[in-house]
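Below is one structure, written out as structure tokens; comments come after it.
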Amino acid sequence: MKLVQESDYRFRIDRDGEMRVPGVVFASRALLPDPAGDKSLEQVANVATLPGVVGASYAMPDVHWGYGFPIGGVAATDVATGGVVSPGGVGFDISCGVRLLAADLDRQDLAEPALRALMDGLGAATPRGMNRGAVWALRDARQLREVLAGGARYAVQQGHGVQRDLDRCEDGGAVADADPGQASERAVQRGLGQVGSLGSGNHFLEVQVVDRVYDEPAAEAFGLRAGQVCVMIHCGSRGLGHQICTDHVRVIERAMHRFGISVPDRQLACAPVSSPEGQAYLGAMAAAANYARANRQLLAVAARRVFGRVTGRELALVYDISHNLAKIETHEVAGLPRRLCVHRKGATRALPPGHPDLPADLRGAGQPVLIPGTMGTASYVLTGRPGAPAFASTCHGAGRALSRHRAAKTVHGKELRERLEAEGIMVRGASWRGLAEETPEAYKDVDTVVDAAQGAGLCVRVARLVPIGVVKG
DNA sequence: ATGTCC
């Protein structure tokens, strides 16, 4: 893969073969993936062949190998001229994302034994791990379809949360064009018992402290200040999203020949946005996105209850944003506004100050961009930057550097937990093996990733948060 | 990420 360095944080992959646009990689030289074990830059080039793709096929600084598309990939297709949607451009964990809640409490006012009681309470109130229960026991499949249609809005209507939770959630808590009828019976069955559950892998609920503020006015608009206690929740659409992806990849794979589309990798299966198969996938994807938002809403309500009981304080939503989603958005292409299908997979939307889609109280500061770090390392709050490249997108996290298998060989979960506790981070895990797979050494350095994202002009730092307690999926 | 293969 031939990379041309354009600046400190920008590399180009020139058009070659079937590529319709160039590839652009936003990273420092040190962050570029190792081609020996990671084919993500080939995937950037593959994505550039998709019908209707405009601008470039982009990679964020945390890019790594994924299913078809790289994780940390952004690509937009022009809807009116046969542009496609690809489930591989969203990923299996549809609408995986992050929610940040801020407490009216400072670190210095959260001393022992309250901190231990808080972590014990959060550990007990947060269902996690594979197939192990949920906060909300849904009545039946009919009620699940209400969740798929209404997302966090339906949860709040049912008494799980407050208006602020919707005002500060992407899309006001629910995507409008969800089509619950596009979720298969199996997807519905898998989803019934998981609304309000973390899952596993890199998903977590953390108690964090605002360690540093870079942009005071933006932080104030977001409701953040130095020393403040926060709760960050990182999770997705569980088995339901996975099943929806599986079902629709199969349908689209079989339909592709009818559209005359050929792709260099069958994992890039795609259909025109305007086709019945494309519309079916987008409707199902939106339903899964609503499920993920309801999931984070219920976990937040459970955390809020524990927080109130232990500390007597409130938790206010700062923002909830997905990093695995395709959205129909309007962007300028060659000076003209176009309706685009923007795929962000392991990439976060980052609307700049003044964007009309922002709620009024965030209009001046821009959209809060939530970047979860790794267990035991920092997380970030960023905001968008006017005129930024990549259709208002930035990184989504540290990005894995070692496989789960290799990570688990470097340390035992028990040893890792002891190490983190010695560093002042309380850990409530689900399994020793799962903990070991998530050791910080298995990830790139999130500080370096965020430096590169800002250096590349994708976003602006607002605040840095450090964990003091981790509930791990 | 995921009832890590219906």
Side-chain angles (χ1 to χ4, degrees), chain A residues 38 40 43 60 62-73 86-99 127-134 144 183-205 233-251 253 267 284-285 287-289 291-293 295-296 299 321-326 343-348 372-375 395-409 429-439 442-443 472-473:
Chain A
D38 180 312
S40 59
Q43 295 186 313
M60 304 294 113
D62 49 338
V63 65
H64 58 285
W65 206 0
Y67 176 89
F69 278 56
I71 296 159
S86 172
V90 171
F92 277 84
D93 193 2
I94 295 168
S95 202
C96 180
V98 184
R99 165 174 294 228
R128 59 193 186 278
M130 199 72 82
N131 235 340
R132 287 203 233 157
L144 179 75
S184 66
E185 195 49 45
R186 184 179 292 181
V188 168
Q189 286 307 317
R190 289 181 71 172
L192 266 174
Q194 299 186 322
V195 185
S197 65
L198 273 186
S200 56
N202 62 357
H203 292 164
F204 65 71
L205 180 150
I233 297 169
H234 176 205
C235 65
S237 52
R238 310 286 279 108
L240 177 132
H242 193 279
Q243 190 64 46
I244 282 176
C245 183
T246 303
D247 293 340
H248 285 261
V249 162
R250 189 169 302 145
V251 169
E253 264 180 353
Q267 294 184 350
M285 180 209 71
Y291 184 92
R293 285 148 199 215
N295 187 23
R296 290 191 285 273
L299 286 168
I321 183 76
S322 166
H323 49 234
N324 281 3
L325 208 60
H343 301 74
R344 297 187 183 89
K345 178 188 191 178
T348 316
T374 307
M375 186 169 43
C395 58
H396 86 304
R400 200 167 255 288
L402 295 183
S403 69
R404 298 192 171 285
H405 186 71
R406 282 187 58 196
K409 285 206 289 192
S431 74
W432 294 125
R433 166 80 193 191
L435 216 55
E437 289 178 350
E438 290 297 314
T439 184
Y443 286 84
K472 196 69 182 137

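Chain identifiers are assigned alphabetically (A, B, ...) following the order of the sequence lines, protein sequences preceding nucleic acid strands; residue numbering begins at 1 within each chain.
- When the side-chain nitrogen and oxygen atoms of A/Arg238 are compared with OP1 and OP2 of B/dT2, one or more of them lie within a distance under 4.0 Å.
- One can place CZ of A/Phe92 at 11 Å from P of B/dC5, the figure rounded to the nearest angstrom.
- Partners of A/Tyr67 according to the ring-ring contact (aromatic ring centres under 6.0 Å, His included) rule, which considers only residues two or more places apart in sequence or in another chain, are A/Phe92.
- As a whole-Å value, the separation of A/Arg186 CZ from B/dC6 C1' is 6 Å.
- Separation of the A/His396 and A/His234 ring centroids does not fall under the 6.0 Å cut-off.
- As rounded to whole Å, 14 Å separates atom C1' of B/dT2 from atom CD1 of A/Ile244.
- Both A/Arg250 and A/Glu438 lie near DNA chain B, and the one whose nearest nucleotide falls closer to the 5' end is A/Glu438.
- In this view, A/Arg433 and A/Glu437 satisfy the side-chain hydrogen bond (donor to acceptor under 3.5 Å, both in side chains) rule, not counting sequence neighbours.
- Rounded to an integer number of Å, the gap from A/Glu185 CD to B/dC6 P is 17 Å.
- A straight line from CG of A/Asn131 to C1' of B/dT2 spans 10 Å, rounded to a whole angstrom.
- Considering OG1 of A/Thr439 and CZ of A/Arg406, their distance stands at 13.0 Å, rounded to 0.5 Å.
- A/Arg132 comes within contact range of no nucleotide atom at all, as no heavy-atom separation falls under 4.0 Å.
- If you take NE2 of A/His242 and P of B/dC6, they are 9 Å apart, rounded to a whole angstrom.
- The two residues A/Arg128 and A/Gly429 have their closest heavy-atom pair at NH2-O, 3.0 Å.
- Separating the CG atom of A/Leu198 from the P atom of B/dT2 is a distance of 10 Å, rounded to the nearest angstrom.
- In this structure, A/Gly239 reaches the sugar-phosphate backbone alone: every heavy-atom distance under 4.0 Å involves primed, P, OP1 or OP2 atoms, never a base.
- Listed pair A/Ser200 / B/dT2 meets the phosphate criterion, a side-chain N or O lying under 4.0 Å from OP1 or OP2.
- A/Gln194 comes within 4.0 angstrom of sugar-phosphate atoms only, judged by non-hydrogen atoms across all strands, and of no base.
- Between the CZ atom of A/Arg128 and the P atom of B/dT2 there is a distance of 14 Å, rounded to whole Å.
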